[in-house]
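Keep in mind it's a predicted model, so treat the numbers as computed, not measured. Counting begins at 1 with the first residue of the sequence.
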Amino acid sequence: RDPYSSSTYPTNVYTLLRYGPFSLSDASDAILQFSHWTITETGYDYFAVFVGKDTVNFTGVAYSGDWTKSPGADTNGWQTDYLNLTATGLGDLRGSSQVWIAFLFKSDGSVSYRGTFLDDVELRKEGLPTGVAALGSGIGLDGTTRSLNTARIGTEYYLIDASRPMYVPPIGQERGVIATWDAQCDTVGHAYGSLTRVKDPNSDNNFNDNAQLRAAVDAHYYTGVVYDYYKNVHSRNSLDNNGRTLRNVVHYMNRYNNAFWNGYFMTYGDGDGVTFGNLAGALDIIGHEMTHGVIEATANLLYENQTGALNESYADVFGTFCEFYARGQAGNWLIGEDIYTPGISGDAMRSMQDPHSGTDWQPSHMSEYVELLNNGSNDLGGVHINSGIPNRGCYIIASTIGVQKTERIYYRALTMYLTNAAQFVDARNATLQAAADLYGRSSSEYTAVESAFTALGVTSDTARELVYDDGYPTGATAW
């Protein structure tokens, strides 16, 4: 229809059109392409495109405002957009035997407007030809040249690492690989709609062609380091201990000052260049985010209050252990020092050795515990604040018995004894039990753990019973 001659919406409109199911079981890539002509009242009315694995749980992109004048619209106001189904808020939809697509048109009726018109909807399934593993190189964010495990597919090279023991062929299916993607600073909807695989622009397997590649090089390389740490030190095969594919997304949104694990993949912002540099440039940050995936697959610690502070602490702890694994004595107890305030040398977000000295002050003893409301504006009860207390405890233990013994104890506590509502006293009990399992109750290692938690003001609580956990609690997210 011609949108310029259409009528406006005089009343409330809420129309949801569902289509499906479609099978993506044979797709290496799946792209939903659509054209729309949209003029709505910004913030009140919108047009949205959703996808999901059933008819209830959907995620996607919403458009509100005058999109006929936005970048990318043609001379008649039509905009062609894409939704990459490889990475949505619900995770990777490839391989699903049924996928549903929905289009939502919503108006509150308060202001007349022309609405939305939809055309040329296409669900395109693409298959990558079988590739072969290769060894390339690239330049990281700090200018270091890194050796990279890549894949040659056709005549092009991609940041797909099929060299680890978890790999399941063929490469194009991305099973048991490390794969790195570029979100291209998209800011629409969930900001993953423009995802593309990172490939070498001139196909010589040297990822050194432009500055945009540097974050991808570091994310790809450091993810391999963290995988190797868990595999070589703890015999853990990826986040779920079952060879789960590891996906990175770099250049998320615009100057985004954060990194996160969303239950499906790791995402890294570019930083604003003042508070943060590109967050893919720090090994301990990448170890931190990947450890959130390990936590989810084991203790599944709730992300709120004291339990959430334990969640953040274990992510800091193992991110730091990854740094010691890769750098030996050059490792340290600072968090994010490689990317925090790039214009200021020597500072860090947090310090495990002295939680008071990090740029983000943290308590180091239970007497300083910060009681906060459990909401978004209060850090969900202080998960990034009170984590300083158990962080300090790990530092004290490692300073007494060494990093190698400490990491063994902490890994056993996390994967075998902690449960999803654990408090600091439960961490004490779990860590003591892990030390007893490995070294005995009369050992110096057991005494070091006991003394450290006591020094934090986390003392024994006989009212709490330690319950054995098999490492795979109900509700843990699977890939």
Within the 6.0 Å centroid threshold, strictly below: H36 and Y63: yes

Validation row, ring centre F321 to ring centre F318 under 6.0 Å: yes

Pair L334-R350, side-chain contact (heavy atoms from CB on, under 4.5 Å): steps then yes or no: CA-CA 6 Å; L334 301 174; R350 297 186 288 275; over 6 Å; no

Pairing of D228 and R164 as salt bridge, 4.0 angstrom limit: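 Salt bridge between D228 and R164, a charged N being under 4.0 Å from a carboxylate O: yes.
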
R392 and D354 ion-paired at < 4.0 Å: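 Here R392 does not pair with D354 in a salt bridge, since their nearest N and O are not under 4.0 Å apart.
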
Pairwise salt bridge (charged side-chain N to carboxylate O under 4.0 Å, His left out) hits with a residue in residues 376-387, at least two apart: none

Report yes or no: do [X] and [Y] form a side-chain donor-acceptor pair below 3.5 Å?
| X | Y | value |
| --- | --- | --- |
| D200 | Y158 | no |
| Q79 | S70 | yes |
| Y325 | N232 | yes |
| T223 | N248 | yes |
| T291 | Y230 | yes |

Nearest heavy-atom neighbours spanning [X] and [Y]:
| X | Y | answer |
| --- | --- | --- |
| Y268 | A259 | CD2-CB, 3.5 Å |
| M166 | S238 | SD-CB, 3.8 Å |
| N300 | N420 | O-CB, 3.0 Å |
| P342 | G273 | CG-O, 3.3 Å |
| W78 | D119 | CZ3-CB, 3.8 Å |
| N386 | P363 | OD1-CG, 3.5 Å |

Measure from the side-chain N and O atoms of [X] to the backbone N and O of [Y], and report whether any donor-acceptor pair falls under 3.5 Å.
| X | Y | answer |
| --- | --- | --- |
| W361 | G358 | no |
| E296 | H292 | no |
| S64 | D45 | yes |
| S137 | R146 | no |
| Q353 | Y395 | no |
| T40 | G65 | yes |
| Q184 | S194 | yes |
| T307 | A422 | yes |
| N210 | L213 | yes |
| S313 | L310 | no |

Audit row: F207, L159, side-chain contact (heavy atoms from CB on, under 4.5 Å) steps and yes/no: CA-CA 9 Å; F207 290 76; L159 287 185; 3.8 Å; yes

Flag side-chain contact, heavy atom, 4.5 Å: [X] against [Y]:
| X | Y | result |
| --- | --- | --- |
| Q33 | D120 | no |
| T68 | W37 | yes |
| K199 | I153 | no |
| N205 | T150 | yes |
| E174 | R247 | yes |
| I171 | V177 | no |
| N378 | N374 | no |
| T415 | R236 | yes |

Verdict with supporting geometry, T187 and N254, side chain to side chain donor-acceptor pair (under 3.5 Å): CA-CA 7 Å; T187 58; N254 183 33; over 6 Å; no

Audit row: T320, M352, side-chain contact (heavy atoms from CB on, under 4.5 Å) steps and yes/no: CA-CA 9 Å; T320 298; M352 295 178 65; 3.4 Å; yes

Rounded at 0.5 Å granularity, tell me how far [atom1] in [X] sits from [atom2] in [Y].
| X | Y | atom1 | atom2 | value |
| --- | --- | --- | --- | --- |
| Y229 | H234 | OH | NE2 | 3.0 Å |
| D161 | L135 | CG | CG | 9.5 Å |
| N391 | W333 | CG | CH2 | 9.5 Å |
| F260 | N258 | CZ | CG | 7.5 Å |
| Y314 | T298 | OH | OG1 | 9.5 Å |
| I178 | T245 | CD1 | OG1 | 9.5 Å |

Chi angles and distances behind the side-chain contact (heavy atoms from CB on, under 4.5 Å) call for V61, D81: CA-CA 10 Å; V61 181; D81 278 341; over 6 Å; no

CZ/R412: more than 12 non-hydrogen atoms of other groups inside 6.0 Å: yes

Y221 atom OH, neighbour heavy-atom count above 12 within 6.0 Å: no

Intermediate values then yes/no, side chain to side chain donor-acceptor pair (under 3.5 Å), Q362 and H384: CA-CA 8 Å; Q362 294 181 295; H384 291 94; over 6 Å; no

With F265, the ring pair (Phe, Tyr, Trp, His ring centres under 6.0 Å) member among Y252, Y192, W181: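 The option that passes is Y192.
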
Qualifying side-chain hydrogen bond (donor to acceptor under 3.5 Å, both in side chains) pairs, either residue in residues 278-287, two or more places apart: D270-N278

